[in-house]
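Have a look at the structure below, then the notes.
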Amino acid sequence: MPYGFNITSFRVDEKGILCVSVSGGAVYRLNKDGVYEETIACLPGLQDEEATQMAVDDQESVYIVMPNAKKIYRCYK
């Protein structure tokens with residue numbers, strides 16, 4: 001992970017690995033070899049979460065569930 005951020009949840013698809021890092025406070029895309037490609041979103045308060053959940057819909061929108069904050073974020077391009 002870039003800068004040593006730990007992955008707390010992830011999803012693998014044909015484009016690579018989509019992952020959430022609470023220590024990094026962001027959603028990242030890695031290639032299939034695990035090399036950083038891009039930051040999808042930086043989410044305020046993500047560092048305060050212990051366990052996040054992630055889902056992707058048919059339009060490739062990414063949903064991040066933050067249980068402690070009682071929030072769901074939709075990230076899309």
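Without hydrogens or angle criteria, Ser61 side chain to Arg74 main chain gives no donor-acceptor distance under 3.5 Å. Put simply, the side chain of Asp57 gets close to the backbone of Gln59: a donor and an acceptor are under 3.5 Å apart. The backbone N or O of Asn6 lies less than 3.5 Å from a partner atom in the side chain of Ser23, making a donor-acceptor pair. Using a distance-only test at 3.5 Å, with no hydrogens or angles considered, a donor-acceptor pair links the side chain of Glu49 to the main chain of Ala69.
A distance of 6.5 Å separates CE of Met66 from CG of Leu43, quoted to the nearest 0.5 Å.
Screening residues 61-72 for salt bridge (charged side-chain N to carboxylate O under 4.0 Å, His left out), with sequence neighbours left out, gives no hits.
A search for side-chain contact (heavy atoms from CB on, under 4.5 Å) contacts involving Glu37 returns Arg29, Asn31, not counting sequence neighbours. Lys15 meets the side chain to side chain donor-acceptor pair (under 3.5 Å) test with Glu60; sequence neighbours excluded.
Within a 6.0 Å sphere centred on OH of Tyr63, heavy atoms belonging to other residues, nucleotides or ligands number more than 12.
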Please evaluate residues Leu30 and Val35 with respect to the criterion side chain to side chain contact (heavy atoms under 4.5 Å, CB included), reporting the C-alpha separation (whole Å), side-chain torsions for both, the decisive distance (0.1 Å), and the verdict.
CA-CA 5 Å; Leu30 311 177; Val35 177; over 6 Å; no
Apply the test side chain to side chain contact (heavy atoms under 4.5 Å, CB included) to residues Val27 and Ile64: give CA-CA distance (whole Å), side-chain angles for both, the deciding distance (0.1 Å), then the verdict.
CA-CA 9 Å; Val27 180; Ile64 306 298; 3.8 Å; yes
Evaluate the criterion side chain to side chain contact (heavy atoms under 4.5 Å, CB included) for residue pair Leu18 and Val56; output intermediate values, then yes/no.
CA-CA 10 Å; Leu18 193 63; Val56 179; 3.9 Å; yes
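Contact check for Tyr28 versus Glu38: no side-chain heavy atoms found under the 4.5 Å cut-off. Looking at Ile7 and Ser21, their side chains never come closer than 4.5 Å, going by heavy atoms from C-beta outward.
Cluster membership for Val65 and Val62, using ILVMFWY side-chain heavy atoms within less than 4.5 angstrom, is not shared. Under the 4.5 Å side-chain heavy-atom criterion for ILVMFWY residues, a single connected hydrophobic cluster contains both Phe10 and Tyr36.
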